[in-house]
Asker: 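Sending over a structure as structure tokens; questions will come in a sec.
Whatever order the structure lists them in is the order used to number ligands and atoms, beginning at 1.
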Amino acid sequence: MIRRSDFPKDFIFGTATAAYQIEGAANEDGRGPSIWDVFSHTPGKTLNGDTGDVACDHYHRYKEDIQLMKEIGLDAYRFSISWPRIMPDGKNINQKGVDFYNRLVDELLKNDIKPFVTLYHWDLPYALYEKGGWLNPDIALYFRAYATFMFNELGDRVKHWITLNEPWCSSFLGYYTGEHAPGHQNLQEAITAAHNLLRAHGHAVQAFREEVKDGKVGLTNVVMKIEPGDAKPESFLVANLVDKFVNAWFHDPVVFGKYPEEAVALYTEKGLQVPDSDMNIISTPIDFFGVNYYTRTLVVFDMNNPLGFSYVQGDLPKTEMGWEIYPQGLFDMLVYLKERYKLPLYITENGMAGPDKLENGRVHDNYRIEYLEKHFEKALEAINAGVDLKGYFIWSLMDNFEWAYGYSKRFGIIYVDYNTQKRILKDSALWLKEFLKS
Ligand SMILES: OC[C@@H]1[C@@H](O)[C@H](O)[C@@H](O)c2nc(CNc3ccccc3)cn21
């Protein structure tokens, strides 16, 4: 049975959330609309028309939530700042929004919980979207101004920062598949948005070096283990290629200053423009990569698909998201990232959506305990294989707004009864509390 003491002494365990998914108070204290406010209020975009208007009401209940983190014994807490709460019009400061994050950070520190702050977790101020959003090259400078302001405001107390959460999602789910805000479906736009997201990241890192001398800054990407879905040799080739489109596309420029050539070649073959501006800014050195690992993705060679591949379902047990439970993929990707980029790593998200049922005031989510144990074991295996893994944040602290799935998917170790906003520690939280003492 894995124990906390098996991990390095300074290894940190935490949980992660994001502003739009938990805060609520969408129109309170001067907050402006984000692209997710508009998207979720657009009929048909989210399950049951769910929105983040109220969510977990964390904006008002943050002290209670921090007491629960303390009760569980967490070392750290990863949360994101709502850009439209800070700059409702994308430029001018909303002091009441700033005050909230000062209160939140002070309350965490008072309870010996280390804040890890994500500057952007998908909630772009709508006012900036109206100026072109991630398609407008100027967005990188708007982001730099926002980042600089937050570094100045919180940098004396917050020493661990993540510029962007999963630029792959913001660009390819937001601009190609259209599943996420702003719901565009244009591959060229997705490539352009991805580049401007990386430029914004680079500008923020440059600002960080000027503003927070004793801090650490990194980028969090979704990291998927891409494997062939059948035994055909072409499917092995396709798996390697998809890995370049999804994983390397957002890691290589940040470390090597260039996109993976195979993927660039395929895009240009299709007549798409791949930008190459500001690679020197994009590759401003960072201190760590954040790894959001959940599952593997199986692909097969498919001539009928414009990009030559299609996704296939695996036969391993799956979570409520339909994602296979595949802890080995975590080990594989941690080792892969270490060997390719030679940077320290944090698991900034790992967790599962489960069929969580409230029974006599309890949630017996043994499946989530097993999921976490197996992934903890693989993380420890990676450390023992030489990976400089420094921490592990469980997604998520509490059930919350799961984007297009609304409130139908529960990832929390704490159950939220949305009718009463009551929080109930699931068995996984009770297990974690004991694990953290072991
Ligand atoms: O879906 C669970 C979480 C989500 O709530 C977080 O806001 C986001 O950071 C997040 N990223 C992933 C992994 N991304 C992913 C995207 C498409 C398909 C499979 C995984 C999962 N999650």
Asker: Hey, is Y405 one of the residues with a heavy atom under 4.0 angstrom from ligand 1?
Answerer: no
Asker: Going by distance alone, is a donor N or O of one side chain under 3.5 Å from an acceptor N or O of the other, for H160 and D287?
Answerer: no
Asker: One thing to verify: whether D356 and R368 come together as a salt bridge, which I'm taking to mean a side-chain N less than 4.0 angstrom from a carboxylate O.
Answerer: yes
Asker: Identify, for atom 21 (C) of ligand 1, the protein heavy atom at the shortest distance, and state residue, atom and that distance.
Answerer: Y294 CE1, 3.1 Å
Asker: Quick test of your reading of the model: are D65 and R61 salt-bridged, counting only N-O distances below 4.0 Å?
Answerer: no
Asker: Tell me the closest heavy-atom pair linking F256 and R340, and the distance in Å.
Answerer: CZ-O, 3.3 Å
Asker: Run the contact test for K409 against ligand 1 with a 4.0 Å cut-off on heavy atoms, strictly below, and give the result.
Answerer: no
Asker: Atom 19 (C) of ligand 1: which protein heavy atom is closest, and how many Å away?
Answerer: W323 CZ2, 3.6 Å
Asker: Considering only non-hydrogen protein atoms, determine which one is nearest to atom 15 (C) of ligand 1 and report residue, atom name and distance to 0.1 Å.
Answerer: V222 CG2, 4.0 Å
Asker: Among all the protein's non-hydrogen atoms, which is closest to atom 17 (C) of ligand 1, and how far away is it?
Answerer: W168 CZ3, 3.8 Å
Asker: What about the rings of W249 and Y267, do their centers lie closer together than 6.0 Å?
Answerer: yes
Asker: Looking at N292, which atoms of ligand 1 are within less than 4.0 Å of one of its heavy atoms?
Answerer: 9 (O)
Asker: With atoms numbered from 1 as shown, which atoms in ligand 1 lie under 4.0 angstrom from a non-hydrogen atom of N165?
Answerer: 9 (O)
Asker: Measure the distance from atom 22 (N) of ligand 1 to every protein heavy atom, then report the residue, atom name and distance (to 0.1 Å) of the closest one.
Answerer: E349 OE1, 3.4 Å
Asker: With atoms numbered from 1 as shown, which atoms in ligand 1 lie under 4.0 angstrom from a non-hydrogen atom of H121?
Answerer: 6 (C), 7 (O), 8 (C), 9 (O)
Asker: Give yes or no for whether the N/O distance cutoff of 3.5 Å, strictly under, is met between W395 and ligand 1.
Answerer: yes
Asker: Among protein heavy atoms, which sits nearest to atom 18 (C) of ligand 1, and what does the distance come to when rounded to 0.1 Å?
Answerer: M224 CE, 3.9 Å
Asker: Thinking salt bridges, do E28 and K96 make one under a 4.0 Å N-O criterion?
Answerer: no
Asker: Picking from L128, I81, L141, what satisfies side chain to side chain contact (heavy atoms under 4.5 Å, CB included) with Y146?
Answerer: I81
Asker: Give the atom numbers and elements of ligand 1 that come within less than 4.0 Å of a heavy atom of F411.
Answerer: 1 (O), 2 (C)
Asker: Once you restrict to heavy atoms under 4.0 Å, what part of T295 touches ligand 1? Side chain, backbone, both or neither.
Answerer: neither
Asker: If you measure only the distance, is there a donor-acceptor pair under 3.5 Å linking the side chains of R103 and Y62?
Answerer: yes
Asker: With a 4.5 Å limit on heavy-atom distance, are the side chains of D399 and Y407 in contact?
Answerer: no
Asker: If you measure every N or O of E402 against every N or O of ligand 1, does any of those distances drop under 3.5 Å?
Answerer: yes
Asker: Looking at E339 and K342, is any side-chain nitrogen of the basic one under 4.0 Å from a carboxylate oxygen of the acidic one?
Answerer: no
Asker: Enumerate the atoms of ligand 1 whose separation from the nearest heavy atom of Q21 is less than 4.0 angstrom.
Answerer: 5 (O), 6 (C), 7 (O)
